[in-house]
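Quick note on labels: first sequence line is chain A, next is B, and so on, each numbered from 1. What you see is a predicted model; the values in this text were computed from it and never measured.
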Amino acid sequence: MASRDVSSIILYTAAVRKALKREFYVRDGEIVARELLGKFLVRKIGTKEIAAMITEVELYEGFEDRASHGFKRTKRSEVMYGPGGHWYVYLCYGMYEMLNIVIGPEDHPAAILIRGADTYNGPGKLTRALRIDRTLNAMPASKETGLWIEDRRFAISQKDILRTPRIGIGDAGPKWTKRLHRFLLQQN
DNA sequence: TAAGTGATCTCT
DNA sequence: GAGATCACTTAA
């Protein structure tokens, strides 16, 4: 029966396409940043799902990184001090929602800014296209919240990953301003 | 290159 | 409460 075949295919893809587990995010920031490249950011709007391959991220980690909101523990940055696997969404320049995924264990302030996915270049454009805003702040990255990350097993070669200093952070101190904490997939 | 935009944080 | 700041984008 044709209909039976179709349903078995749906079950199969559902089984393969799982949201990344909490443990994925509770690791060293540079490793998580690298491994996020090539993963799929999936947004569910109504019954429709939009998936976009992550192509660019920036790492903000620890107590000494002045470019990171987590440098100071405030009401806004509190989420970064929580356990990994939650979203941190905030407004920048009065207009743009920035999407970050909190990483690391509890009380370790760290997050990764998702700057680009597929053809959405720039963190502000990305969130606008996927209708991501601050209502998702502090929510877990899981299917229940409508925004999560999946491994679709695209092979990413380490030599295709470029590293540069982060964008637009100003002076974050001698050790941190020029750190190669921006990771992006080389085009082609 | 400059300006728009508004929440957040720091300083009174 | 006031003022500076900000991990951006767009229009010139």
Side-chain angles (χ1 to χ4, degrees), chain A residues 20 24-41 43 50 52-104 107-141 145 147-149 161-187:
Chain A
L20 292 178
F24 177 89
Y25 304 103
V26 188
R27 294 182 296 159
D28 176 76
E30 297 208 14
I31 293 172
V32 180
R34 280 181 174 280
E35 293 192 8
L36 278 176
L37 296 176
K39 298 285 190 289
F40 280 76
L41 180 68
R43 175 70 166 132
I50 303 171
M53 190 174 77
I54 297 170
T55 55
E56 183 177 345
V57 297
E58 280 181 5
L59 173 62
Y60 293 87
E61 180 164 43
F63 297 95
E64 297 172 6
D65 183 1
R66 295 214 314 252
S68 170
H69 287 174
F71 180 70
K72 284 182 182 154
R73 190 166 190 159
T74 65
K75 193 179 171 189
R76 183 176 62 169
S77 67
E78 185 62 29
V79 188
M80 289 181 69
Y81 285 77
H86 291 76
W87 297 115
Y88 171 39
V89 187
Y90 69 91
L91 190 69
C92 183
Y93 296 111
M95 279 179 249
Y96 304 107
E97 315 272 350
M98 297 288 119
L99 176 66
N100 302 248
I101 182 76
V102 175
I103 60 160
D107 291 325
H108 176 75
I112 292 173
L113 170 67
I114 298 176
R115 290 186 58 88
D118 273 359
T119 53
Y120 313 122
N121 300 313
K125 288 184 188 172
L126 171 72
T127 53
R128 198 186 308 163
L130 298 184
R131 293 196 219 162
I132 292 164
D133 60 32
R134 281 159 288 161
T135 58
L136 285 157
N137 188 46
M139 307 264 264
T145 62
L147 183 65
W148 68 95
I149 301 174
I161 297 177
L162 288 183
R163 299 186 61 170
T164 78
R166 292 170 292 184
I167 304 293
I169 57 169
D171 183 9
K175 273 175 66 181
W176 292 87
T177 306
K178 291 183 178 175
R179 278 218 172 182
L180 303 179
H181 272 7
R182 175 172 174 241
F183 299 79
L184 61 161
L185 285 181
Q186 207 158 16
Q187 296 305 307

- Task: Using Watson-Crick or G-U wobble geometry with both distances below 3.5 Å, tell me the partner of dG1(C), or none.
- Result: dC11(B)

- Note on the structure: Checking N1-N3 plus N6-O4 or O6-N4 for Watson-Crick, or N1-O2 and O6-N3 for wobble, each under 3.5 Å, the partner of dA7(C) is none

Gap between atoms [atom1] and [atom2], on [X] and [N] respectively (whole Å):
{"X": "I112(A)", "N": "dA7(C)", "atom1": "CD1", "atom2": "P", "result": "18 Å"}
{"X": "M98(A)", "N": "dA7(B)", "atom1": "CE", "atom2": "C1'", "result": "13 Å"}
{"X": "I167(A)", "N": "dT9(C)", "atom1": "CD1", "atom2": "P", "result": "10 Å"}
{"X": "L91(A)", "N": "dG4(B)", "atom1": "CG", "atom2": "P", "result": "17 Å"}
{"X": "R115(A)", "N": "dA7(C)", "atom1": "CZ", "atom2": "P", "result": "11 Å"}
{"X": "I169(A)", "N": "dC6(C)", "atom1": "CD1", "atom2": "C1'", "result": "12 Å"}
{"X": "R128(A)", "N": "dC8(C)", "atom1": "CZ", "atom2": "C1'", "result": "10 Å"}
{"X": "E56(A)", "N": "dC8(C)", "atom1": "CD", "atom2": "C1'", "result": "13 Å"}

- Should D28(A) and R34(A) count as an ion pair when the cut-off is N to O under 4.0 Å? no

- State whether E61(A) and R179(A) are salt-bridged, where the test is any N-O pair (Lys NZ or Arg NE/NH1/NH2 against Asp/Glu carboxylate O) under 4.0 Å. no

- Let me see the working for M53(A) and L185(A) under side-chain contact (heavy atoms from CB on, under 4.5 Å), right down to the final yes or no. CA-CA 10 Å; M53(A) 190 174 77; L185(A) 285 181; 3.9 Å; yes

If you compare every side-chain N and O of [X] against the phosphate oxygens of [N] (OP1, OP2), does one of them come in below 4.0 Å?
{"X": "K72(A)", "N": "dT8(B)", "value": "no"}
{"X": "K125(A)", "N": "dT10(C)", "value": "yes"}
{"X": "R182(A)", "N": "dA7(C)", "value": "no"}

- Query: For the side chain of Y90(A) and the base of dA7(C), is some donor closer than 3.5 Å to an acceptor across the two?
  - Reply: yes

- Message: With the stacking rule set at 5.5 Å and 30°, tell me whether Y60(A) counts as stacking on dA7(C).
- Response: yes

- Message: From the set dT10(C), dC8(C), dT8(B), return the single nucleotide nearest to any side-chain atom of R76(A).
- Response: dT8(B)

- Message: Quick one, N100(A) with Y90(A), criterion side-chain contact (heavy atoms from CB on, under 4.5 Å). Give me CA distance, side-chain angles, the key distance, then yes/no.
- Response: CA-CA 9 Å; N100(A) 302 248; Y90(A) 69 91; 3.5 Å; yes

- Note on the structure: Whichever of M95(A) and R134(A) has the more 5' nearest nucleotide on DNA chain B, that residue is M95(A)

